**Student:** 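One structure coming up, written as structure tokens, with questions to follow.
Since the structure is predicted, the reported quantities are computational estimates derived from the model, not experimental observations.
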Amino acid sequence: MVLRWSVDRHRPGVPTRRHRKVSPVTLQELLDKQDSYGARAVLAGLSAARVRSVATRGAVRVSPDSCFRIASLTKVFTCTALVKTMRDNSIPLGTAVIELLPDLAPGWRADVRLAIEQMLGQVSGLRESVGSTALAALDDGPRALQEAAELVVGTGNEHEPGARWSSYNGNYLLAGAVLAALSGTSYERALEKTLLGPWNALRSRMGARPFRPDVSQRTAAGLSRSDGVVPDEDYVSVVVTNQQHTLRATATFLSDMQHPLTNDDLATAIDRFAA
């Protein structure tokens, strides 16, 4: 979870807010005071007035080369790579997904009108029946992503494409398969060629299992570089845990981190945004 702003930027016509001086309490002391965390490990990073600090709790060690799971942020990488690849090949985003994945046609039960832009925008209307249990049963081989995409389109649609928004990892399993098909290579290599290489982010690493385009172990650009956990900015706070049930506690901690600057309690707003 990340909270960021620049104290030098404000909207025209809106008075600039006077920020309070940062409290002398250290980040480590603030983290140690949190008693609502149920996670075995917590990592926090703070940049305030371009002074950076890092604190840890539990069994965690941090270095400039540390690798962190970015979970659903992988979708941003997948979407960007696919849109760029389609643009480079003059393929409209309104193209039907089945046209780009003809090998899936025999088992296709989804709406044949489903377009790339609807899939990426999470308005596919696909029946959300392919979860972690079904994916865990797949091989770790080179066809794992293709098989996952077959499962996704084989369950059909619950709603008409474009009619309803719903976040579903299946959309991005399908998007990863399209990216691989258009690139004529694996999803991982397509991502490296399209984004990570040009962005000089090849220090990003993959986990032991094949890289999935919905939830992965790849590190976001910058997190494994010399800037470490948090960039050098006017204000950035970062909290990393490995337990989803700690989101509310994380929101409270992020609010506590910025409170000396604003005197505002943002915990509820952060929690609602993250949810």
Side-chain angles (χ1 to χ4, degrees), residues 1 38-41 67-82 96-98 100-101 103-181 186-188 190-191 206-220 240-248 250 271-275:
M1 223 183 253
R40 291 187 297 272
C67 188
F68 302 97
R69 290 176 61 91
I70 63 170
S72 282
L73 287 177
T74 309
K75 293 182 175 72
V76 178
F77 287 76
T78 304
C79 181
T80 303
L82 180 53
V97 178
I98 194 171
L100 303 179
L101 293 174
D103 291 347
L104 271 57
W108 193 281
R109 299 293 180 271
D111 195 313
V112 294
R113 300 170 298 171
L114 174 61
I116 294 293
E117 59 189 357
Q118 293 169 328
M119 171 189 67
L120 295 177
Q122 300 275 30
V123 291
S124 65
L126 288 167
R127 182 169 288 107
E128 300 177 10
S129 56
V130 179
S132 57
T133 301
L135 296 175
L138 298 178
D139 272 336
D140 289 349
R143 277 189 45 81
L145 181 55
Q146 181 83 357
E147 292 173 358
E150 291 173 356
L151 291 177
V152 170
V153 299
T155 59
N157 269 65
E158 187 171 356
H159 305 282
E160 183 177 342
R164 182 173 178 264
W165 183 91
S166 181
S167 180
Y168 176 40
N169 284 341
N171 287 316
Y172 276 79
L173 290 168
L174 199 55
V178 174
L179 176 60
S186 68
Y187 168 76
E188 296 90 337
L191 202 61
M206 300 180 188
R209 293 178 62 84
F211 182 31
R212 283 174 41 195
D214 57 335
V215 178
S216 77
Q217 291 185 351
R218 184 174 294 276
T219 304
V240 181
T241 71
N242 61 354
Q243 300 291 328
Q244 188 172 359
H245 71 268
T246 63
L247 284 177
R248 182 165 296 179
T250 299
D271 184 49
R272 285 176 178 171
F273 177 80

**Student:** Between Gln122 and Ser166, do the side chains contain a donor N or O and an acceptor N or O under 3.5 Å apart?
**Tutor:** no
**Student:** Between Val178 and Val97, does the side chain to side chain contact (heavy atoms under 4.5 Å, CB included) criterion hold? Intermediate values first, please.
**Tutor:** CA-CA 8 Å; Val178 174; Val97 178; 4.1 Å; yes
**Student:** Please name the residue in the list Leu101, Leu104, Asp103, Val130 that meets the side-chain contact (heavy atoms from CB on, under 4.5 Å) test with Glu150.
**Tutor:** Leu104
**Student:** Return the OH to CG distance between Tyr187 and Leu145, rounded to the nearest 0.5 Å.
**Tutor:** 8.0 Å
**Student:** Working to the nearest 0.5 angstrom, can you tell me the gap between Leu179 CG and Cys79 SG?
**Tutor:** 10.5 Å
**Student:** To the nearest 0.5 angstrom, please state how far the CG atom of Leu126 sits from the CD atom of Glu158.
**Tutor:** 10.0 Å
**Student:** Between Lys75 and Ser72, is there a side-chain donor-acceptor contact under 3.5 Å, judged purely by atom types and distance?
**Tutor:** yes
**Student:** Work out which heavy atom in Ser167 is nearest to a heavy atom in Glu128; give both atom names and the distance.
**Tutor:** O-OE1, 4.2 Å
**Student:** For Ser124 and Asn157, work out which heavy atoms get closest and say how close.
**Tutor:** O-ND2, 2.9 Å
**Student:** Could you walk me through whether Leu100 and Ile116 pass the side chain to side chain contact (heavy atoms under 4.5 Å, CB included) check?
**Tutor:** CA-CA 9 Å; Leu100 303 179; Ile116 294 293; 3.8 Å; yes
**Student:** Between the main-chain N or O of Thr155 and the side-chain N or O of Arg127, is there a donor-acceptor pair closer than 3.5 Å?
**Tutor:** yes
**Student:** Tell me every residue that passes side-chain contact (heavy atoms from CB on, under 4.5 Å) with Val123, counting only those two or more places apart in sequence or in another chain.
**Tutor:** Gln118, Trp165
**Student:** Taking all non-hydrogen atoms of both residues, which atom of Leu82 and which atom of Ala175 are closest, and how far apart?
**Tutor:** CD2-O, 3.9 Å
**Student:** Do Val152 and Asn171 have side chains that get closer than 4.5 Å, going by heavy atoms?
**Tutor:** no
**Student:** Calculate, to the nearest 0.5 Å, the distance between atoms CG and CG belonging to Leu114 and Leu174 respectively.
**Tutor:** 6.5 Å
**Student:** Quick one: does Leu135's side chain get under 4.5 Å of Leu173's, heavy atoms only?
**Tutor:** yes
**Student:** Ignoring hydrogens, what is the shortest heavy-atom contact between Ala180 and Ser186? Give both atom names and the distance.
**Tutor:** CB-C, 4.1 Å
